[in-house]
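This report refers to the structure that appears directly beneath it.
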Amino acid sequence: MNSVEKNIQEVKKGYDPQSVESRFYQLCEERGYFEIEGNKSLWQSKTPQCFCIMMPPPNVTGVLHIGHALTFTLQDIITRFKRMDGFKTLYQPGLDHAGIATQNVVQKQLLAQGITKESLGRDAFIAKVWEWKEQSGGQILNQMRHLGITPAWSRLRFTMDKGLQNAVKKAFVQWYDQGLIVQDYYIVNWCIHDGALSDIEVEYEENYGKLYYLRYPIKDSAQSLIVATTRPETFFGDSAVMVNPDDERYKQLIGKSVVLPLIEREIPVIADSYVDMSFGSGCVKVTPAHDVNDYEVGKRHQLESIIVFDEKGILNEQTGEFAGKDRLEARELIVQKLQEEGFIEKIEDYTNQVGKCYRCGNIVEPYISKQWFVKKEVAQKAIERVNNKELEFFPPQWLNNYNAWMRELKDWCISRQLWWGHRIPVWYCECGKKIASESPNPICPQCQIPITKQDEDVLDTWFSSGLWAFSTLGWGNEKEQCKNNAKDEEQKESQNTENLYTLYTDSDLKEFYPNSLLITGFDILFFWVARMLLSGESLLGALPFKDVYLHALVRDEKGQKMSKSKGNIIDPLEMIETYGADVLRFSLAILCAQGRDVKLSTQTLENSKNFTNKLYNATQFLNMYLEQLGGEEAKQRGFANLADLEMKTALGRYMFLRLNKAINEVRAALEEYRFEQGASILYRFLWGEFCDWGIELAKASKDSIYELGAIFKSALLLLHPYMPFITDFLWHSLSANDIDSSDSIMISAYPKAHDMQDEVLEQHFYVIQDVIVCIRRLRAMLELGLASIESIYIKLNNSIDNILLEQFVCKLAKVQSVCITQTKPKASVGDVGEFCECYIQLEGIDLSAIISRLQSQKQKCEKELQKLQSMLNNEKFIQNAPKAVLEQNRVNLQNTQEKYDKICTELNALTNL
């Protein structure tokens, strides 16, 4: 059996997505189709247009979830489109080292063996993390392959590989030298397990707690001030009590002192308009070391910052007898003591928002700590450039969200108390000199000796991923790139993570920066996108992207967010195993309208599966007719490409016109990132126009099969970015090629519309289809089944080629003769379409059984209408029935009324003859 016969046999056996997808993907990857030069045969010149898109690097600890599946699907659709359209294309893959998450995973594994990271030491622990990363961290990469995405795998980057380490050092040192990175004592978000966190790493949850009203005695007075707080354990760090200067209740107390309960330390009463007079008693405690807002108040009023617990949340000597206790466990004991001493006025239930660590879930504490910060001024030019339209958001409303957040931007805390990550490149000499250096062994500029002591902290994970748009292109490795020019081809192909950066050339940044497009979820606009914008503009002088597309969340069919507790999580790998990657990809794309959540359901997946079956059956039909018409020679040759064929039949020309329209519409949709619109157009054309009508009409115009096969091949090219595997499989079958010995569809040119118009011909086929639909409705009404109709009478709204009309109507509507008329024939029943009226004479047709059936249906509908109207006219029922029941009854009433009206229309048509 030769390769062509083998391929045809595979099609006849049925389409098995699992075997096809894995086989085709492996072949395409091995052939280098995913790489920058994988489509070189399609480049229109030596300097083709470039297209670059960066994969948001998922955590090395992660697995493919449905959000990843949506992001990667959309990225791959646009990448395949651009690659087929002749662009020099880079789809950059990568993984993030995920500092906190990865360190936690390895720590837990070691603790299970009775080993702490401290007992190992820093270097040995980091070696263990690298070992784990090499063994298990790449799991998600293979999962991505199952989805069918096509990044340039040879250029896979990891945010801790040597090339990116160099880029991180360069960025830090450049900002440090410009005074944009500083170290100082700030109040930060502090997790007792994971250390310092940035604002957007804190997740807020509703908390049902207590509001405690504490009594602070006024010095030299028998009176007290009542202060409301949700965190009584922090009162030991109070530096003042604050009131609003306009609050008449307390004006006379401003400047006096109160005495802190239990420890009897005196603090002043101060005035500040920040105080909300309606909250609590109108008096608030000021604890600068443990509250973000109080910290700012403290700076304004030059108050002391008193820290009352350590980095692990253990109360210190400032808390007297409670020292050594955990801050949260001590709360109840402190309240009990305050009550015993008479310092509690009252306790109320209180609901507020409490910040928690996005990683471990611990309550986050505002805490004064010495940390490294990127000053907010670094983002100023990026904000200006974005608002000067140098970047476009899709959908555009995200510009407002971006601006709102950037207006409130604070200095970015970039130091983390971890071992796994990019160690801060700051060095401390024994002489007291501190320098930032890219060198691993810097020389002290003051005493000229090597410095060996490096800062203990590592950088926030988002610092390295914020450089992703250009660090992956070799930025920061200019010296290494010079070495690269002398390396031989064998070394260039090295897959060692440490050597990957040597694959890059000096032209990478010139060609691919700024990147063409970023696609990611809206939920990391501030985590990642905003940081890449400020990093790219500040370090390279240009925004890193031209366009940013932010997709919404994937929810379940009811619009609910997916969660384990709800049991509604959709595992993309399970969906791929059940339906295949093409079905999942197409389902996600057709639901992904800009600015709207994706509501994924089993029904949508089933619809997409049915679509693949339709495409498969169309291929079978075309191949079968090709063999019948052309014999063995035609079977071996397969269908021609569209460019090599002249459209000679009316049906061929008509379907070619419809294909042209689809090409123009899909191209426009993809250029505007309207992925759902492109999917809908493809579904409409391939199923609704080609399969339902083109193939059906071909039964009356067999010579058009050659042309329809070529058109269908071109349509598969059009669909390929959305459904890469089945399109490749069917395209090879129609071409009588075998994938093992011929190029993939993915490096074929994307279809371009031809300059061809024929409105008259299109109108003829609209009428033909309308007539056939009308006749089929008449058949159903008269219960004629498949019996041949002797004559059909047609009244046309437009003139048409009668020979063409008769050719298709007689065959497909099973009519012996077509009569064009201007009036309704006697004793006939008709149906009205958009372009015609069709009539069948009733002579010889027994209508009694039909009329009896319709009358029975009419009576049944009348009873149902009476029942529904009675309920909906009953005020008691309307008042007591649930809203959903009322709405369903109204829908049932409308549906029943429509059915009743249709029955009456049919009865009138038959009984009034």
Kindly determine whether Ser439 and Asn441 satisfy side-chain hydrogen bond (donor to acceptor under 3.5 Å, both in side chains), including the steps that lead there.
CA-CA 5 Å; Ser439 170; Asn441 298 294; 5.6 Å; no
Sequence-distant partners of [X], salt bridge (Lys or Arg N to Asp or Glu O under 4.0 Å), two or more places apart:
{"X": "Glu296", "result": "Lys299"}
{"X": "Glu430", "result": "none"}
{"X": "Glu365", "result": "Arg231, Arg327"}

What's the shortest heavy-atom distance between [X] and [Y], and which atoms?
{"X": "Pro288", "Y": "Ile368", "value": "O-CD1, 4.0 Å"}
{"X": "Thr71", "Y": "Thr520", "value": "CG2-CA, 4.2 Å"}
{"X": "Thr461", "Y": "Gly99", "value": "OG1-N, 3.0 Å"}
{"X": "Asn189", "Y": "Val364", "value": "CB-CG1, 3.6 Å"}
{"X": "Gln318", "Y": "Val308", "value": "CB-CG1, 4.2 Å"}

Tell me, please, which residues at least two apart from [X] pass ring pair (Phe, Tyr, Trp, His ring centres under 6.0 Å).
{"X": "Tyr212", "answer": "none"}
{"X": "Trp427", "answer": "none"}
{"X": "His65", "answer": "His68"}
{"X": "Tyr367", "answer": "Trp190, Phe309"}

Is it true that, when you exclude [X] itself, more than 12 heavy atoms of the residues, nucleotides or ligands shown sit nearer than 6.0 Å to its [atom1]?
{"X": "Phe279", "atom1": "CZ", "result": "yes"}
{"X": "Lys453", "atom1": "NZ", "result": "no"}
{"X": "Gln223", "atom1": "CD", "result": "no"}

Pairwise salt bridge (charged side-chain N to carboxylate O under 4.0 Å, His left out) hits with a residue in residues 286-295, at least two apart:
none
Under the salt bridge (charged side-chain N to carboxylate O under 4.0 Å, His left out) rule, what pairs show up with a residue in residues 253-268, not counting sequence neighbours?
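Of all non-adjacent pairs touching residues 253-268, those that pass salt bridge (charged side-chain N to carboxylate O under 4.0 Å, His left out) are Lys219-Glu266.
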Please identify each residue that fulfils side-chain hydrogen bond (donor to acceptor under 3.5 Å, both in side chains) with Tyr274, with sequence neighbours left out.
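Once residues adjacent in sequence are excluded, the partners of Tyr274 under the side-chain hydrogen bond (donor to acceptor under 3.5 Å, both in side chains) criterion are Asn293.
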Rounded to the nearest 0.5 Å, what separation is found between the [atom1] atom of [X] and the [atom2] atom of [Y]?
{"X": "Glu329", "Y": "Ile334", "atom1": "CD", "atom2": "CD1", "result": "11.5 Å"}
{"X": "Ser281", "Y": "Leu211", "atom1": "OG", "atom2": "CG", "result": "9.0 Å"}
{"X": "Phe236", "Y": "Ile306", "atom1": "CZ", "atom2": "CD1", "result": "12.0 Å"}

Could you give me the CA-CA distance, side-chain angles and deciding distance for Ile424 and Phe463, then say whether side chain to side chain contact (heavy atoms under 4.5 Å, CB included) is met?
CA-CA 11 Å; Ile424 290 175; Phe463 189 96; over 6 Å; no
Between [X] and [Y], is any pair of side-chain heavy atoms under 4.5 Å apart?
{"X": "Ile570", "Y": "Val554", "answer": "no"}
{"X": "Thr102", "Y": "Asn59", "answer": "no"}
{"X": "Ile344", "Y": "Leu214", "answer": "yes"}
{"X": "Ile347", "Y": "Val335", "answer": "yes"}
{"X": "Gln103", "Y": "Val129", "answer": "no"}

Check whether [X] reaches the backbone of [Y] with its side chain - one donor and one acceptor, N or O, closer than 3.5 Å.
{"X": "Trp398", "Y": "Phe522", "value": "no"}
{"X": "Ser239", "Y": "Glu304", "value": "yes"}
{"X": "Ser221", "Y": "Pro217", "value": "no"}
{"X": "His193", "Y": "Asn362", "value": "no"}
{"X": "Gln165", "Y": "Met160", "value": "yes"}
{"X": "Arg249", "Y": "Met277", "value": "yes"}
{"X": "Asp571", "Y": "Leu573", "value": "yes"}
{"X": "Asn316", "Y": "Ile307", "value": "yes"}
{"X": "Ser224", "Y": "Arg215", "value": "no"}
{"X": "Ser471", "Y": "Leu164", "value": "no"}

Check step by step if side chain to side chain contact (heavy atoms under 4.5 Å, CB included) holds for His97 and His422.
CA-CA 10 Å; His97 65 279; His422 293 276; 3.8 Å; yes
Output a table of donor-acceptor pairs, distance under 3.5 Å, between side-chain atoms of residues 167-184 and any protein atom two or more places apart or on a different chain; print 'none' if there are none.
from	atom 1	to	atom 2	distance (Å)
Lys170	NZ	Glu478	OE2	3.3
Trp175	NE1	Ser538	OG	2.8
Gln183	OE1	Lys434	NZ	3.3

Specify whether Tyr216 and Phe235 have parallel, tilted or perpendicular ring planes, treating 30° as the upper limit for parallel and 60° as the lower limit for perpendicular.
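Answer is tilted, since the angle falls between 30° and 60°.
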Sorted by first residue and then second, give each side chain to side chain donor-acceptor pair (under 3.5 Å) pair with at least one member in residues 407-418; sequence neighbours left out.
Tyr186-Asp411, Glu201-Arg416, Gln371-Ser415, Gln371-Gln417, Trp412-Asp460, Arg416-Asp460, Gln417-Asp457
Chi angles and distances behind the side chain to side chain contact (heavy atoms under 4.5 Å, CB included) call for Tyr402, Leu533
CA-CA 11 Å; Tyr402 169 80; Leu533 292 176; 3.6 Å; yes
Test side chain to side chain contact (heavy atoms under 4.5 Å, CB included) on Lys128 and Ile115 and set out the steps.
CA-CA 12 Å; Lys128 285 287 184 184; Ile115 303 171; over 6 Å; no
Is the distance between the ring centroids of Trp420 and Trp130 under 6.0 Å?
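Under 6.0 Å, so yes.
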